[in-house]
Structure formats: C-alpha cells, structure tokens
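Quick note: residue numbers are just sequence positions, from 1.
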Amino acid sequence: MTSNSDPEPAQHDWRTPTRVDGPAGPRPPSSHLVVGFDRHHTSHAALEFAIGLAGQLNAHLHVAHVIDTDDLPIDSDAADWDHAITAVIEHERDEACSRLAALGGNWTYHCHHGQPAHVLSSIAETHDAAMIVIGTPRAGLMPLVERLLGGSVSAQLIHHSHRPVLLVPDRTTPTTGQ
C-alpha cells in the first residue's frame, strides 16, 4: 500500500548540541558574555540582566540552555518521551530567542546536554568571555541539599571556572544603560 502524503520531517535529536546564531549587531562586539538559561524565573532575570549588560558593553551574548532533569517528562516509558523532550527544548529556545530580539544582534543560543557548569565554562573558554552570568540558586529542599554538597552550578563555577561569575537575584531590574 502506498501513500500520497508527504513524509513527516525528521525530528531533531535532542541529544545533539544545537546552536542558533542571531543577527550581526550594528558594530562588531568588543567582548563576550555567557548566560545560563532555563525555565526558572531566576534564569529569566539573569538573561534580562545579561541582555542589558551586553548592550552596554557591546558584547556578544552567548545564551546556554543545558538539558537537565527539569526538561525530561515524568513518564520515561511514554511512547512520545523523545517528542516531549524535544517540545520542551524547542519552547526554551523560542523563549530565549524571543527575549534576545531586544538585543538586536550579536547573540548566539546554545543548547547542550551535560553538566551545566562544564558547558557554561566551556562556552566561556571557547569565546574568551569576560564573565558568566547565572541566576541565583533556587529555593527549596533539593537546591539546598545541592548547595550543601557543593553540587550547585554557582558553586561549581566559582570553584572550578577561570572566569568571573555574576549571580543575578530574581528580583533584579534589567539594566538599560540610561
């Protein structure tokens, strides 16, 4: 039996690193910044702050989303598990790119699977970034346990990265340079 319908487009494998290059800015960037981004409010505040800072410094902004357990569906046996992960990751990418439109240019969105501190440090080293910007650690029991055991992203970056780390509180007002 043959079908006349077009085949479905191949789904992007969420395990493969993704990079989206934004438009070029009006001037070549004079430096680079890296910011971590996920679905939590603290990282949204960090991104907004980093967008303002990148504009003031004429910096190329590298936004990094690291796939973690928050991106994974609860039911790992579901038939559409890979599709559900891909949908979450695409939503995060669309959200970040939409916010990056305010910068106007000189930005790149990266999505990787791995250890967040290692991915952020690696991007920062590759581009000789002036600093890494992340949101403050989240509240709650599990984030507290991670901090106590030295497993938080901020603690790992502070102790193992060769770049300055800027922690942005979730109630920070974005900087506009005015």
Side-chain angles (χ1 to χ4, degrees), residues 14-71 88-138 143 146-147 150-177:
W14 61 270
R15 294 167 199 86
T16 304
T18 302
R19 177 180 169 141
V20 176
D21 291 307
R27 301 178 291 156
S30 58
S31 62
H32 293 261
L33 301 174
V34 174
V35 61
F37 182 76
D38 62 24
R39 69 173 71 192
H40 297 283
H41 181 71
T42 57
S43 81
H44 288 219
L47 177 59
E48 294 300 325
F49 186 85
I51 288 170
L53 187 60
Q56 288 180 15
L57 299 175
N58 186 37
H60 187 107
L61 184 58
H62 298 271
V63 179
H65 175 77
V66 182
I67 300 167
D68 65 8
T69 55
D70 286 344
D71 296 318
V88 168
I89 292 167
E90 287 175 354
H91 175 75
E92 291 297 319
R93 183 196 61 226
D94 293 346
E95 175 77 19
C97 291
S98 174
R99 291 172 183 254
L100 287 163
L103 186 57
N106 291 337
W107 59 265
T108 304
Y109 175 83
H110 306 262
C111 182
H112 291 268
H113 186 265
Q115 295 293 335
H118 175 73
V119 172
L120 292 168
S121 292
S122 177
I123 294 169
E125 290 296 321
T126 297
H127 299 285
D128 193 24
M131 72 179 74
I132 300 170
V133 180
I134 60 172
T136 53
R138 295 184 287 275
E146 285 179 351
R147 285 194 301 276
S152 73
V153 175
S154 57
Q156 290 176 17
L157 285 170
I158 290 167
H159 296 294
H160 302 292
S161 177
H162 302 288
R163 306 284 167 180
V165 177
L166 174 64
L167 297 177
V168 178
D170 63 347
R171 292 191 175 108
T172 299
T173 304
T175 180
T176 61

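Sorted pairs that involve residues 108-123 and meet salt bridge (charged side-chain N to carboxylate O under 4.0 Å, His left out), not counting sequence neighbours, are lacking altogether. The salt bridge (charged side-chain N to carboxylate O under 4.0 Å, His left out) analysis of residues 51-66, with sequence neighbours excluded, yields no pairs. Listed by first then second residue, pairs satisfying side chain to side chain donor-acceptor pair (under 3.5 Å) with a partner in residues 96-108 read Asp21-Thr108, His44-Arg99, Glu48-Arg99, His60-Thr108, Glu95-Arg99, not counting sequence neighbours. The stretch residues 52-61 participates, sequence neighbours left out, in no salt bridge (charged side-chain N to carboxylate O under 4.0 Å, His left out) pair at all.
Residues passing the salt bridge (charged side-chain N to carboxylate O under 4.0 Å, His left out) test with Arg93: none are found, sequence neighbours excluded. The side chain to side chain contact (heavy atoms under 4.5 Å, CB included) check on Leu167 picks up Ile134, Thr136, Ser154, Val165, with sequence neighbours excluded.
By the 4.5 Å heavy-atom criterion applied to side chains, Ile132 and Val35 are not counted as neighbours.
The two residues Ile89 and Tyr109 come nearest to each other via the heavy atoms O-OH, 4.4 Å. The two residues Ala130 and Pro164 have their closest heavy-atom pair at O-CD, 3.3 Å. Looking at every heavy atom in both residues, Gly36 comes nearest to Ser43 through O-CB, 3.9 Å. For the pair Ala46 and Val133, the tightest heavy-atom approach, listed with the atom from each and the gap, is O-CG1, 3.9 Å. What you find for Gly55 and Leu103 is that their closest heavy atoms are N-CD1, 3.8 Å.
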Report, one line per pair, each donor and acceptor closer than 3.5 Å where one atom sits in a side chain of residues 114-125; sequence neighbours left out.
unit_1 : atom_1 : unit_2 : atom_2 : d
Ser121 : OG     : Ala117 : O      : 3.0
Glu125 : OE1    : Arg163 : NH2    : 3.3
Glu125 : OE2    : Arg163 : NE     : 3.2

Which donor-acceptor pairs under 3.5 Å do the side chains of residues 26-33 make with protein atoms, sequence neighbours left out?
unit_1 : atom_1 : unit_2 : atom_2 : d
Ser30  : OG     : Leu57  : O      : 3.0
Ser30  : OG     : Asn58  : O      : 3.3
His32  : ND1    : His62  : NE2    : 2.9

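Between the OG1 atom in Thr42 and the CZ atom in Phe37 there is a gap of 10.5 Å [rounded to 0.5 Å]. Distance check, rounded to the nearest 0.5 Å: CG of Leu47 to NE2 of His65 gives 12.5 Å. From Glu92, atom CD reaches atom SG of Cys97 across 11.0 Å, with rounding to the nearest 0.5 Å. Here the CZ atom belonging to Arg39 is positioned 8.0 Å from the NE2 atom belonging to His91, to the nearest 0.5 angstrom.
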